[in-house]
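Below: one structure, written as structure tokens.
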Amino acid sequence: MTIRARLSWIFALSSLVVVLTMGSLIYFQLARLHGREFSKRLEERVALTELIFLEKNKVIEEAVRARFLQTLDGEKEYVIPTSPQSLDTLSAWYGPALAREIYTSKSLQFEDGRRMGFSKHYFLPEGEFIVIVTAVDTFGQSSLLYLRKILIACAILSLLIIGLASYLGTSRALRPLKAQTRQVSKIGQGRIELRLDVHEPVDELGQLAKAFNSMLDSLQSTLQAQRQFVRNASHEMRNPLTAIRGEAELVLLKPRSPEEYRNSLSIVSAEARRLQTLISQLLDLEKAESLSALPNPGMFS
């Protein structure tokens, strides 16, 4: 995977995480708010049911119902006396565990599947009664469902938009790197006199280009020194070789006396020793340069 694609994915996924996190916080806060509001309305319905049951007056009942005219979706109201039989009834409705909580708690907010409920105990002259009101928060559930759809759509849309923007942005940001890569390819083909362009000296690419150019300067200086050294060494080695060859060809032109042969061999031997000394010096110089290139052991201690 290219750097451009990797950066685009990183930016897009990071933004997606931010959007999902913020959306989840908003969603759960609104869900809690809907739950509290609906629970409050259920509690008011419980109080209304108790008032109607307590007064048993048609005039008051009509006035109260006019005040709370709007009923909740799927609203169910129960007024039951506290007795072992009522506990069995509650168990049949809500299960043993929830029935026990309703039976023992003075007031309780509970959930039964999609339905929400509120129960409260009232003490009347006739005895203790449990008032229960349950309903379905249709509006709240539909609102939360719509909000979930919006959040999912926003997450997908933000992923696409930010992914595209990241891809275009990284492409533009990495454009100088492509130019530098092409320049490095030219340098690698032997054009060591070329240098990388430094557009922004303070950024990372600028610092890299400056370091690379500095390395090329050192390398070019080293190559020039090596070329000069080779020329000097070739010149120094050519002299004894020329003398040895010339002396050998001169001796071979015609027969010589033993004394002349000894003189010629002495010259050849001297030039050979001179050549051997020069080669030994070159080898010692190469060995010294190799040792100087080794890392200092003290730097790792």
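In this chain, numbering begins with 1 at the start of the sequence shown. Bear in mind that the values here come from a model prediction, so they are computed numbers and not experimental data.
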Do Phe118 and Leu108 come within less than 4.5 Å of each other through their side chains, counting heavy atoms only?
no

For Thr134, side chain to side chain donor-acceptor pair (under 3.5 Å) partners two or more places apart
Arg115

Hey, quick one: are Val46 and Ile102 part of the same hydrophobic cluster, counting side-chain heavy atoms closer than 4.5 Å, chains of contacts allowed?
no

Taking Gln141 for its side chain and Arg114 for its backbone only, find out whether a donor-acceptor pair lies under 3.5 Å.
yes

Any non-hydrogen side-chain atom of Leu90 less than 4.5 Å from a side-chain atom of Leu98?
no

Could you tell me whether a side-chain N or O of Ser266 sits under 3.5 Å from a main-chain N or O of Arg262, the two making a donor and an acceptor?
yes

Between His121 and Thr104 (side chain of the first, backbone of the second, donor and acceptor by atom type, cut-off under 3.5 Å), is there such a pair?
no

Can you find a heavy atom in the side chain of Asp112 that is under 4.5 Å from one in the side chain of Tyr94?
yes

Determine whether more than 12 heavy atoms belonging to other residues, nucleotides or ligands lie under 6.0 Å from atom CD of Glu128.
yes

Please list, one pair per line, the donor and acceptor atoms closer than 3.5 Å that link side chains of residues 19-33 to other protein atoms, with sequence neighbours excluded.
from	atom 1	to	atom 2	distance (Å)
Thr21	OG1	Val17	O	2.7
Ser24	OG	Leu20	O	2.7
Tyr27	OH	Arg148	NH1	2.4

Would you call the rings of Trp93 and Tyr78 parallel, tilted or perpendicular, taking 30° and 60° as the class edges?
tilted

Measuring from Tyr103:OH to Ser83:OG, what's the distance to the nearest 0.5 Å?
6.0 Å

Show your reasoning for whether side-chain contact (heavy atoms from CB on, under 4.5 Å) applies to Val133 and Lys76.
CA-CA 6 Å; Val133 176; Lys76 294 182 179 180; over 6 Å; no

Between Ile80 and Phe129, is there shared hydrophobic-cluster membership here, with clusters defined by ILVMFWY side-chain heavy atoms closer than 4.5 Å?
no

Listed partners of Asp217 passing salt bridge (charged side-chain N to carboxylate O under 4.0 Å, His left out), at least two apart:
Arg195

How long is the span from the OG atom in Ser221 to the CG atom in Leu216, to the nearest 0.5 Å?
10.5 Å

Side-chain heavy atoms of Lys106 within contact of Lys120, under 4.5 Å
no

Under the side chain to side chain donor-acceptor pair (under 3.5 Å) test, which residues partner Ser14, sequence neighbours left out?
none

Can you confirm whether Leu42 sits close enough to Phe110 that some side-chain heavy atom of one is under 4.5 Å from a side-chain heavy atom of the other?
no

Is a salt bridge present between Arg41 and Glu44, judged by a nitrogen-to-oxygen distance below 4.0 Å?
no

Assess the pair Phe139 and Phe38: is the distance between their ring centroids shorter than 6.0 Å?
no

Donor + acceptor pair across side chains of Ser269, Arg273 (<3.5 Å):
yes

Name all residues meeting the salt bridge (charged side-chain N to carboxylate O under 4.0 Å, His left out) criterion together with Arg100; count only those two or more places apart in sequence or in a different chain, and write none if there are none.
none

Should we count CZ of Phe123 as having more than 12 external heavy atoms under 6.0 Å?
yes

Mind checking whether Val79 and Ile130 have side chains closer than 4.5 Å, heavy atoms only?
no

If only atom types and distance count, is the side chain of Ser119 paired as donor or acceptor with the main-chain N or O of Ile132 below 3.5 Å?
no

Table please: side-chain donor-acceptor pairs of residues 154-163 below 3.5 Å, with sequence neighbours left out.
from	atom 1	to	atom 2	distance (Å)
Ser158	OG	Cys154	O	3.0
Ser158	OG	Ala155	O	2.8

